[in-house]
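Only a predicted model underlies this, so the values are computations on that prediction, with no experimental measurement involved. Only heavy atoms go into these numbers, but all of them, side chains included; no hydrogens, no water, no symmetry mates.
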Amino acid sequence: MSTIDQAAPAADTTKRVPGHVIYRRVLAERTSYALAAAGMAVGPQLDDSAWSYLASGGIGLGTLAWLYAKTKDPDQGLDMLTRAQRAIPFLTAAGTYVANLITPGFNWWEVVAPAAWASLMGWMAPLTRSAGLVLELSEHQAQTDPARELTYTEFLAAKWQQATGDGTRLVSITPFRADRPDFEAVVVAQAGKAVPTFTEVQLAAAFDFPVGTLKMWPVQGSGPGRMRLVAHPTSEDTEAVAEGLRGLWESAVAAPGGATPGVDLIDYRAEPHRIVLLVASPPGKEIRLPHTAICSAFGIDDPSRLVIETDGIRQGVVSIYKTNPLMKVRKATVEDLTMDSKGRITIGVCHDGKPARMRLWDPGQGALRGITAGVTGAGKSVLQNLILAAEKRSGVVSWVGDVQGGMSLPEAEGRVDWFAKGPVETLLMLTAAHAVMKYRERISNEMGRGDFALNRPWPLINITLDEINRLLSHPDEAMRKATAYLIADIQKTGRKVGIGIRLAVQSLHLKDLGDDDAIRQQGKVGALFLMRTTSSSTKEMGLDGIAPAGFQMENIPARIYENGQIEALFSGKDDEDGESTAGMAHMFLDGRAKFMRTFFAQKVDGVYPDLIALYGDEPPTGLTEGEAKAAQAGAAIYGVRHTNPYADCDTLAQAFSDAPGSKPTASPPAPDADDGEGDEAPAPFETPFGIPFGDSGPDIGEEPGLQDQILDLLADGPKSLKQLREALPSFQPSSVSNACTQLKAKGLATSLKRGHWQLTDS
């Protein structure tokens, strides 16, 4: 039999009853003793016949015989003591009554003896005590006063007393938090005895807590008569884990050959689901905290459970989580996306529970630049939509270039001032933005202003370019060069006139940014969001200059699992069993790196209804009149930007030859019967490279023999651009498109509808 079982009464002899039931039984028993005492004093004086002797003597002898019979069963040892306790009132009452009978006459002690007997029995209450009644505890009931509420510490002490009996006591009870049942206490044994050894099951049963959430340790400086009891039913025993961290850090991390030799653990803090470590490198040494090596030292296979932050000099903070701290994130509200006086909005939650804020603009610096990098499915679209909705709510002019033809950010279409689809319209939008920038520069110079002031006189313009890597690596060299120039120039000089620009790409590799390091370096000056990328590219992202010194980052996995990725792989779980990490990102801002996640958004039928609702129903903020004229002069399509007339064009030559009211300046075709007299073609617009966008001259798409081969193919009947490209595999698709445009400019081919061609004289 275990120690706890020995200390407690037999399970079948105890009854849990409310406190008022015990109180009533004791009162009834004491009342019966008082009445019996009165009878014992008066009865012998009124009747001393043989029947009185037989009755009183029979009660005493019968009680003794019944008690003797119980001693014959060896298995009733504990029960025999209970029977003896119940026999005491009857034996003593019978003895007192017989004594009064055999005494002649009346003596004063014949009254005192029954009164003393009643007082003694009333104090002992042997019948009620022998019944094995146990107080039915609740947090709203006191043992002696039902009107008083038990405190939690009294409740715990009483529960322990119920479970273990009188062998030990629970003292120094200290709850960890007022809103949680977790507590610590000291178990004290009787004088001269040791605290028994309790199993985890016995400890859990004492308080009805989950098995394994209570542990006992020796009390430092005390003997075996005292033990420390710690209960964590709602969280793991983080304190015990933290106590072992110092030794683990010294042996596996800071020791020679460890993850980061020489880095000391200065202090730590235990929270319900997090351990926070304050570490520092030796004086004169720059701190280095390799993420993967530290994960390995602590046995962590989910890198998102360990977050490292440093001051860039010699101190750092390492946060170790029981599970990923960003598993569940709430939805955004209008208040989150409303810009404050410092230009900030809230786009998500940081790993430590603080709001993740970014600036739409800086009152001290002007417009901002930024880059968001992440593969498909990493959460770039949700992040961009949150920012765009915040810009609309905050009176910012938003221009969006969706190089993927409008598929990346469909929620923004119609809700921003300009939503450009495809590479050509995006480049034309950049051209218009560049013209507006030059206009603002000229006006600012005339006004003698050096910096941008919000809405005095112009609103803030932020340009968002999604999947811009498609345009920076476009097969048309002229488009690549023009795009790179315009982006770089707006990045450099747009800040002071209130024009910011953000890029969204697959990664920070130079190949995704047109091999232009200036674009990458300028973009990293603002807010940089590094989401999940390809696993082999994380360490080559060019984080120099933005990440704090000593910061090392591992890629965010596609999915995270409750028990770790390796356990999921070993058990053969499907990929869908894990939780997607979409929206998780490392945010680099103001020289600090924060692990965060954007607000949650649910996709329905290919779009995000929650994000659409956040845009609001008000019309988007647009340009002032002077800026609109500058934008129209810079790109003739600004006035018809909401119709997206060039979304499916591949080259600028095709775009301008198809533009309404525009006619090429070289080799104009003969007018058709229903063309009318036609208007005079607008003057060509000169790009920063001197390329006449309005001039479809013979230098574009002019490859030897290509136009002749296209004419031969069209002689058999109309054909789509796709059919022409398939029939001419030796030529670049863009060259085929350019050649068709040149044939149209020469009057030799006609476009039936977008993407379909035939001979002019067909």
Side-chain angles (χ1 to χ4, degrees), residues 397-406 408-409 412-413 416-439 461-491 494 499 501-503 514 622-623 627-665 681-697 700-701 734 737-738 741 754:
V397 178
S398 296
W399 285 8
V400 180
D402 190 339
V403 185
Q404 203 174 356
S408 296
L409 297 170
E413 185 172 6
V416 295
D417 185 54
W418 191 346
F419 185 76
K421 295 181 179 179
V424 169
E425 190 179 353
T426 299
L427 180 52
L428 294 174
M429 182 186 71
L430 282 172
T431 305
H434 192 268
V436 173
M437 183 182 73
K438 295 300 181 183
Y439 166 80
I461 300 176
N462 278 339
I463 304 168
T464 301
L465 303 176
D466 200 12
E467 299 292 346
I468 193 60
N469 49 289
R470 291 171 175 255
L471 190 51
L472 289 171
S473 58
H474 197 276
D476 190 302
E477 182 180 3
M479 292 180 65
R480 290 198 309 271
K481 291 182 178 180
T483 302
Y485 172 83
L486 292 171
I487 291 176
D489 201 36
I490 293 174
Q491 284 181 327
I499 301 179
I501 186 167
R502 291 188 305 269
L503 313 179
L623 300 179
E627 293 173 300
K629 292 180 179 179
Q632 182 67 25
I637 70 166
Y638 176 75
V640 292
R641 62 192 182 282
H642 296 302
T643 63
N644 295 312
Y646 309 108
D648 59 353
C649 295
D650 291 318
T651 64
L652 289 173
Q654 181 180 350
F656 274 93
S657 86
D658 290 346
S662 112
K663 294 183 182 295
T665 57
F685 172 70
E686 295 291 329
T687 72
F689 294 98
I691 301 174
F693 281 179
D695 184 359
S696 53
I700 300 180
S734 59
S737 178
N738 291 341
T741 302
R754 194 168 306 284

- On a heavy-atom basis, the closest approach of Ala420 and Met429 is CB-SD, 3.9 Å
- Query: Hey, does Met479 have a side-chain heavy atom less than 4.5 Å from the side chain of Val424?
  - Reply: yes
- Tyr638 and Trp399 aromatic ring geometry - parallel, tilted or perpendicular at 30°/60° bounds: tilted
- Query: Does the side chain of Asp489 come within less than 4.5 Å of His434's, by heavy atoms?
  - Reply: yes
- Task: Any chance you could measure Ile490, atom CD1, to Ile499, atom CD1, to the nearest 0.5 Å?
- Result: 6.5 Å
- Would you indicate whether the side-chain heavy atoms of Val403 and Pro423 approach each other to under 4.5 Å? yes
- Polar side-chain atom of Asp417 near backbone of Val397 as donor-acceptor pair, under 3.5 Å: no
- Task: Report the distance from atom CG of Leu471 to atom CG of Asp476, rounding to the nearest 0.5 Å.
- Result: 10.0 Å
- Side chains of Arg502 and Thr464: does their closest heavy-atom pair fall under 4.5 Å? yes
- Atom CG in Leu427, atom NE2 in His474: separation rounded to 0.5 Å? 9.5 Å
- Item | Heavy-atom pair of closest approach, residues Ala631 and Val436 | CB-CG2, 3.8 Å
- Task: Would you indicate whether the side-chain heavy atoms of Leu465 and Leu430 approach each other to under 4.5 Å?
- Result: yes
- Heavy-atom pair with the smallest gap, counting every atom of Arg480 and Pro475: NH1-O, 3.2 Å
- Query: Rounded to the nearest 0.5 Å, how far does CD1 of Ile463 lie from CE of Met437?
  - Reply: 9.0 Å
- Side-chain contact test, heavy atoms from C-beta onward, threshold under 4.5 Å: evaluate it for Arg470 versus Thr426 and give yes or no. no
- Work out which heavy atom in Leu428 is nearest to a heavy atom in Trp418; give both atom names and the distance. O-CH2, 4.2 Å
